[in-house]
Amino acid sequence: MTALTLSTAAAPGLRADAIVIGVAKGAKGPVAAPGAEAVDKAYDGRLAGVLDTLGATGAEGEVTKLPAPAGFKAPLVLAVGLGGEPEKDASYDAEALRKAAGVAARTLAGSKKAAFALPLTDAADVGAVAEGVVLGAYSFDTYKANGKDAKAKNGKAPLAEAALLGGKPRDAAHKAALARATAVTEELNRARDLVNMPPNDLNPEAFAAIAQTAAKEHGIKVQVLDEKALAKGGYGGILGVGSGSASAPRLVKLSYTSSKAQKHLAFVGKGITYDSGGISLKPAGHNETMKCDMSGAAAVFAAVVAAARLGLEVNVTGWLALAENMPSGSATRPGDVLRMYSGKTVEVLNTDAEGRLVLADALWAASEEKPDAIVDVATLTGAMMLALGNRTFGVMANDDAFRSTVFEAAEEVGEPAWPMPLPEHLRKGMDSPVADIANMGERMGGGLVAGLFLKEFVGEGITWAHLDIAGPAFNEGGPFGYTPKGGTGTAVRTLVRLAELTAAGDLG
Ligand code: BES
Ligand code: ZN
Ligand code: ZN
C-alpha cells in the first residue's frame with residue numbers, strides 16, 4: 001500500500017514524479033488553492049491563468065496536467081479539482097480534500113513518488129488527504145498478475161509513495177492523524193480485497209481462515225464455529241442458508257478488548273460469500289456481482305482490526321455470519337421452517353431473502369453478551385438500492401437517538417448515508433400460518449421489512465442499528481473520488497468512528 005510521509009520540504013527541491021496541487025472553482029474562474037504557492041511563484045503568479053488556458057475549472061474530480069515550471073525537480077504538476085471555493089477564512093471541506101487526493105493518487109498509478117501540496121490547515125486535513133491517497137491508490141491486481149508480475153494492474157503499479165507537504169512530522173496531532181488514516185485505510189483496502197476476491201476462492205471457510213490469521217496478528221481473540229458447532233448450538237438460520245452449498249457455513253467471533261474499556265460494541269456482518277438466490281434462484285443479470293454479498297462481514301472484520309490497531313479504549317466484538325447461498329438437493333426450500341438460534345421459527349418463503357436469516361442468528365448471539373449497542377452491516381435488499389441509489393446506505397434502528405448518532409458518524413467520515421424508518425404496520429406482512437415469522441413480507445418498503453425482521457432477533461433492551469449497504473457496497477461504474485470500481489469498503493469508516501465515539505464516551 002502507498003507509503004505516506006509528512007514533509008516540510010519546499011516543493012521545488014523535491015525529487016518526485018509529480019507535485020499535486022488543488023484548484024478550486026472561483027467566481028471568476030479557477031483558483032489555485034493554498035499549498036500551490038511555490039508553483040504559482042515559479043509561474044510568475046500566473047498559475048490561475050495557466051490553468052484557465054488549459055481548460056481547468058476546479059470542478060470536483062477534474063485533473064489537469066501541466067509541465068512543472070523551471071526550477072522544479074519534479075517534471076509534472078497535477079492540478080486536481082476541489083469543487084467550490086470555501087467562504088472567506090474557512091478551510092476546505094475534509095471530504096473535498098479526500099476526494100481530490102484520491103483522484104490524484106489514482107491518476108498517478110505507475111508513478112513511484114508524488115508530493116501532495118494540497119491546502120492543509122489542521123491535523124484533520126492531514127488525515128483526510130492521507131485517507132484519500134491510500135484509498136484512491138487502491139487497485140485489485142491479485143488475479144491480473146498471471147502468477148508472475150505482481151504489478152500488472154492494467155500495466156501500472158499503484159502509487160508507491162506520497163509525501164504530504166505542509167504536514168509536520170514533529171507535530172503530535174499530525175502524526176496521530178497520519179497513523180489513524182493509515183490503519184483505517186489499510187484495513188478498509190483489505191475489506192475491498194475480500195469483496196473483490198472471486199467466490200470460488202473466498203468461501204466461508206477461507207474467509208474464516210483469513211480472519212483467524214489477521215486476528216492473531218493483532219491480538220484479537222477469535223472463535224470460529226464450523227458446521228458441527230453450529231448444529232450443536234442450534235444456529236438454524238446460518239445452517240439453513242448454507243445447506244445448499246458444498247462449502248459449509250461458519251460463524252466467526254472476533255473479540256477486541258481494551259483494559260481501559262468502559263463500553264462494549266458489537267458489530268454484525270452479513271457474509272454471504274456468493275448469493276445465487278438458492279432455490280428461488282436469481283435470474284441472469286442479477287447474479288454477476290453477488291460475490292459482493294459478504295461486504296457487511298468484510299466491513300465488520302476491517303473495523304475490528306482497525307480498532308485493535310488504533311488501540312481504542314472500547315471493547316469491540318465482530319460477528320461474521322458466513323455462508324454460501326446455493327441451490328442443490330440439500331438446499332433449503334421455499335416452504336421450509338427453520339428453528340433459529342433465538343428459538344423462534346421462520347418460514348422461508350423466498351430463499352433469496354437469506355441475509356436476514358444468517359444475521360438473525362448472529363444478532364441473537366451478539367445479544368447474549370449484552371453489549372451497549374449492536375450495529376449490523378448488510379447488503380440486504382435491492383429495495384434499499386431503489387430507495388437510495390448506489391452511493392448511499394440506509395440506517396435503521398430501534399432507537400432514534402442512536403440512529404442519529406450512526407447517521408452523523410457516517411456524515412463525519414464522508415460516507416453518504418440516510419436515516420430510514422421501521423414502520424410497525426409492515427410487521428404483519430411477515431405473519432406466517434405455520435411459524436413465528438416468515439422471511440418475506442410486503443414488497444413495498446422491502447428494505448424496511450427486512451429491518452423489521454432483524455429487529456425481532458435483537459435482545460430485549462439492546463440498542464441496535466442496521467446499515468443496509470446494498471447500494472454502495474459494490475461500484476459497478478467507473479471509479480470516482482477515492483472510490484474504485486468493485487468493492488468499496490463502505491461502512492468501515494463509520495464503524496471505526498462509532499468505536500472512537502464510544503471510547504470517548506460520546507455514544508448517543
Ligand atoms: N443480496 C441480496 C440483496 C442485494 C441486491 C444486494 C442487489 C446487492 C445488490 C439479497 O439477499 C436479496 O436477494 N434480497 C431480496 C429479498 C427479497 C427476496 C425479499 C431482494 O432484495 O430482492
Ligand atoms: Zn438473496
Ligand atoms: Zn444476499
Side-chain angles (χ1 to χ4, degrees), residues 195-196 199 202 204 207 237-238 240-245 249 268-299 320-327 331-336 346-362 376-394 396 420 426-427 429-430 432 437-454 466-477 486-491:
V195 176
N196 289 330
L202 191 79
F207 195 153
I238 297 174
V241 172
S243 68
S245 171
V268 175
K270 171 177 173 181
I272 302 298
T273 57
Y274 185 72
D275 183 10
S276 71
I279 297 292
S280 315
L281 195 62
K282 285 181 188 293
H286 290 263
N287 50 22
E288 294 81 356
T289 59
M290 278 304 136
K291 66 176 182 180
C292 83
D293 216 18
M294 35 54 71
S295 297
L320 318 180
L322 308 176
E324 187 183 44
N325 189 22
M326 296 292 270
T332 292
R333 316 156 200 53
D336 280 357
V346 177
E347 183 184 12
V348 179
L349 292 179
N350 190 322
T351 62
D352 198 10
E354 82 300 336
R356 63 198 75 182
L357 300 172
V358 298
L359 288 170
D361 280 356
D376 78 69
V377 187
T379 46
L380 206 58
T381 65
M384 196 53 59
M385 298 176 83
L386 289 176
L388 297 177
N390 52 19
R391 293 196 185 177
T392 306
F393 60 76
M396 285 148 267
M420 301 294 276
L426 291 173
R427 169 61 183 83
M430 291 184 284
S432 160
I437 189 168
N439 78 330
M440 254 186 78
E442 287 178 38
R443 196 169 78 86
M444 294 297 164
L448 319 180
V449 171
L452 281 165
F453 180 94
L454 297 180
H466 158 56
L467 314 186
D468 190 337
I469 60 167
F474 198 80
N475 176 22
E476 291 187 60
T488 63
T490 189

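Heavy-atom basis, side chains included; hydrogens, waters and symmetry copies ignored. Both ligands and their constituent atoms are indexed starting at 1 by order of listing.
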> Among all protein non-hydrogen atoms, which one is nearest to atom 21 (O) of ligand 1, and what is the separation to 0.1 Å?
Replying inline: G382 N, 2.7 Å
>> Give me the residue, atom name and distance of the protein heavy atom closest to atom 16 (C) of ligand 1.
In response: R356 NH2, 3.8 Å
> Taking the N/O/S atoms of E354 one by one, which is nearest to the Zn ion (ligand 2)?
Replying inline: OE1
>> Check whether S295 reaches the backbone of C292 with its side chain - one donor and one acceptor, N or O, closer than 3.5 Å.
In response: yes
>> Return the CE to OG1 distance between M290 and T273, rounded to the nearest 0.5 Å.
In response: 13.0 Å
> Counting from 1, what ligand 1 atoms have a heavy atom of E354 closer than 4.0 Å?
Replying inline: 11 (O)
>> Can you tell me which N/O/S atom of D275 has the shortest distance to the Zn ion (ligand 2)?
In response: OD2
> Quick check: does D352 have an N/O/S atom under 2.8 Å of the Zn ion (ligand 3)?
Replying inline: no
> Is the Zn ion (ligand 3) less than 2.8 Å from an N/O/S atom of A353, whether that atom is in the backbone or a side chain?
Replying inline: no
> Could you state the interatomic distance from OG1 (T332) to CE (M326), rounded to the nearest 0.5 Å?
Replying inline: 14.0 Å
> Taking the side chain as C-beta and beyond, is there a heavy-atom pair between V195 and K291 under 4.5 Å?
Replying inline: no
> Which ligand 1 atoms, with their elements, are less than 4.0 angstrom from a heavy-atom of M290?
Replying inline: 1 (N), 4 (C), 5 (C), 6 (C), 7 (C), 8 (C), 9 (C)
> About how many Å separate CG of N475 and CZ of R391, when rounded to the nearest 0.5 Å?
Replying inline: 7.0 Å
>> Tell me whether R356 contacts the main-chain N or O of N439 through its side chain, where contact means a donor paired with an acceptor under 3.5 Å.
In response: yes
> Would one find an N or O of D275, backbone or side chain, under 3.5 Å from an N or O of ligand 1?
Replying inline: yes
> Please state which protein non-hydrogen atom is closest to atom 14 (N) of ligand 1 and give its distance, to 0.1 Å?
Replying inline: L380 O, 3.4 Å
> At what distance is the nearest protein heavy atom to atom 18 (C) of ligand 1, and which residue and atom is it?
Replying inline: N350 ND2, 3.5 Å
> How long is the span from the CG atom in N390 to the CE atom in M385, to the nearest 0.5 Å?
Replying inline: 6.0 Å
> Looking at D293, which of its N, O or S atoms is the nearest one to the Zn ion (ligand 3)?
Replying inline: OD2
> Would you say the side-chain atoms of D468 pair up with the backbone N or O of T381, donor to acceptor, closer than 3.5 Å?
Replying inline: yes
> So which bit of V449 gets within less than 4.0 Å of ligand 1, heavy atoms only: side chain, backbone, both or neither?
Replying inline: neither
>> Main chain of N287, side chain of Y274: is a donor-acceptor contact present, judged purely on distance under 3.5 Å?
In response: yes
> For ligand 1, is there an atom lying under 4.0 Å from some heavy atom of K270?
Replying inline: yes
> Where is the nearest protein heavy atom to atom 12 (C) of ligand 1: which residue, which atom, and how far?
Replying inline: D352 O, 3.2 Å
>> I need the atoms of ligand 1 closer than 4.0 Å to a non-hydrogen atom of M440, numbered in the order shown.
In response: 19 (C)
> Is the backbone N or O of I272 less than 3.5 Å from a side-chain atom of D275, with the two atoms forming a donor-acceptor pair by type?
Replying inline: no
>> Which of the numbered atoms in ligand 1 are under 4.0 angstrom from any heavy atom belonging to M385?
In response: 7 (C), 9 (C)
> Run the side chain to side chain donor-acceptor pair (under 3.5 Å) check on T351 and S280 step by step: do they pass?
Replying inline: CA-CA 5 Å; T351 62; S280 315; 3.2 Å; yes
> At the 4.0 Å heavy-atom cut-off, does H286 count as touching ligand 1?
Replying inline: no
>> Please check: side-chain N/O of K282 versus main-chain N/O of S276, any donor-acceptor pairing under 3.5 Å?
In response: no
> Can you list the ligand 1 atoms lying under 4.0 Å from a non-hydrogen atom of A470?
Replying inline: 6 (C), 8 (C)
